[in-house]
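What follows is a set of notes on a single structure, which appears directly below.
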Amino acid sequence: MKFGILILEGPYQHQAGDSAYNFAEAAVAKGHAISGLFFYCDGVQNATTYMTPPQDDRHISKRWAEFIAKHGVDAVVCIAASKKRGITDANLIKGARIAGLGQLTELGIESDRLIAFGD
Amino acid sequence: MAGEDLNEEERSEEDKKKFLFLMRKAPYGSIYPQGGLEVILIMAAYDQTISVLFADDGVFCLKKGQETAGIHVKDFSSAFKVLESYGVEHLYVDKTSLEERGMKPEDLLTGVEVVSSDEMSGFLSGQDVILPF
Amino acid sequence: MGTIDMAGKKLEVDEDGYLTNLDDWSREVAGEMAKGEGVEMTEAHWEVVDFLRQYYDEYKIAPMIRILTKEIGKKLGKEKGNTKYLYELYPGGPAKQACKIAGLPKPTGCV
Amino acid sequence: MLFTVNKSPLTSDNLKTCLRFAKKGNSVLLYEDGVYGAIPGTKVESVVKEALKSIEVFALKEDLKARGFGEVIDGVKLVDYAGFVGLVEEHNVCPWL
């Protein structure tokens, strides 16, 4: 199956981003394809390289970047939400792209399931 | 102004999906309802079937007379009035949620269909994508 | 960042020429912005600007193109309710150019 | 239809309204703080027991464990993340955030 995943919450504040990641990993492990990740609202903060958590905590943006690279997943970060929060190509994780909400619509159309994580 | 660069080509029927926006959060306390509204306004440029259900505190989004100048936040409630012209198929409000909040349909800033959760259960199951805001 | 000179007063605009402060808008400012865009404002141009401002005032959003043409057709006559007509008036596009001159916020480029 | 509930039903009405919309044959997955709804002895235990008569209720094991719980109300099924994915394979999802 093709799973689309929508992430609506920022890193470290709520569990949503962690749940989304765990779900995505489990889906891939079961042989499913991730048709795309879409980061929206505060969720766009998951995709900034401007985070340096302590070494004994998870590095949320690095974890996403590795996931994207390893599985060749399309990751879209909402342009309007990014502009509001100071996320640009300069501080965007590798493998992600900044684009519009139309991409979320496309993801909904393409995916067998689109599941949202937020708070 | 979404859709300017979009080809108005019709999508084939199998590409057409049923999207439901499930609005359950109050306005201003968080970005969620505004975020949902923005997705609806963009999605309207695509040839999809869109419905919106307001339940729980989401019904507060439709309260008439929102004035946000005092909190220095943009009032986005007016934009809910365009949904019908944007081709949103159904605007539903959950009856119980409305009643629990002491509100009546005439307190709402746009015309909606007031429905019971029983009526909605089957409708929810028939959706392809449900987006919570 | 740039500025528009209005009778000695400098109004701030962003890198794409949109007003930074929407309250700075006036018909004179619109005329000045149009000049900068190479658009000569006629009655027909003002009709669109007025429509956009009314729509924004009521709904706090700019209409998407399909709605814009539909509503303009309803309000100003069927022959005007199409994209071709709007592009003839505003070759830079109804969203990018007409909204800018009408003093609406810059579209976020969300499609 | 699979409803996913992530709020503690002890402080929020989320689960209650979700159950109002869930009909016979639907499933509810409790995850994140939603898992507090699955543990026995809380003030919402009776609500969950009533729901179990017509719908299936699941709780995400990893979230329960993380919060120091393991035992759940009779009839609530535990799933791990693979099970969560399995539920999404079977059902369309209604995220009840």
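Numbered from 1 within each chain, the chains take letters A, B, ... in sequence-line order. When reading the values below, keep in mind they use all heavy atoms of this one structure, side chains included, and skip hydrogens, waters and symmetry mates.
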Close contacts, residues 1-20 of chain D versus chain A, judged by heavy atoms under 4.5 Å |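 So far as heavy atoms go, D/Asn6, D/Lys7 are the residues that approach chain A to under 4.5 Å.
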
Sorted by number, residues from residues 90-97 of chain D in contact with chain A (heavy atoms, under 4.5 Å) |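 Heavy-atom contacts from residues 90-97 of chain D to chain A are D/Glu90, D/His91, D/Asn92, D/Val93, D/Pro95, D/Leu97.
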
Enumerate, atom names and distances included, each donor-acceptor pair closer than 3.5 Å involving a side-chain atom of residues 49-59 of chain D, sequence neighbours excluded.
from, atom 1, to, atom 2, distance (Å)
D/Lys49, NZ, D/Glu45, OE2, 3.3
D/Glu50, OE1, D/Lys53, NZ, 3.0
D/Glu56, OE2, D/Lys77, NZ, 2.5

How many angstroms lie between atom CG of A/Asn22 and atom OH of D/Tyr31, to the nearest 0.5 angstrom?
->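 Going from the CG atom of A/Asn22 to the OH atom of D/Tyr31 covers 11.5 Å.
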
Please tabulate, for the side chains in residues 32-39 of chain A, all donor-acceptor contacts under 3.5 angstrom to protein atoms that are two or more places apart in sequence or on a different chain.
from, atom 1, to, atom 2, distance (Å)
A/His32, ND1, A/Met1, N, 3.1
A/His32, NE2, D/Glu89, OE2, 2.5
A/Ser35, OG, A/Phe3, O, 3.0
A/Ser35, OG, A/Gly4, N, 3.4
A/Ser35, OG, A/Ser111, OG, 2.7

If you compare all heavy atoms of [X] against all heavy atoms of [Y], which two are closest, and at what distance to 0.1 Å?
| X | Y | answer |
| --- | --- | --- |
| D/Val85 | A/Lys30 | CG1-CD, 3.9 Å |
| A/Ser19 | D/Tyr81 | CA-OH, 3.6 Å |
| A/Ala26 | D/Ala82 | CB-N, 4.2 Å |

Leading residue by heavy atom contact count with chain A [cutoff under 4.5 Å; candidates D/Asp33, D/Val88, D/Asp80] |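 Among the listed options, the one with the most contacts to chain A is D/Val88.
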
Is the shortest heavy-atom distance from the side chain of A/Phe23 to the side chain of D/Leu60 under 4.5 Å?
->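 Side chain of A/Phe23 against side chain of D/Leu60, heavy atoms only: no contact under 4.5 Å found.
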
CG/D/Asp74: more than 12 non-hydrogen atoms of other groups inside 6.0 Å |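 No, the 6.0 Å shell around CG holds no more than 12 heavy atoms from other groups.
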
Give, as side chain, backbone, both or neither, the part of D/Asp63 having an atom under 4.5 angstrom from any heavy atom of chain A.
->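 The answer is the side chain of D/Asp63.
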
Heavy-atom contact with chain D under 4.5 Å, split by part of A/Ala27 =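 Contact with chain D is through both the backbone and side chain of A/Ala27.
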
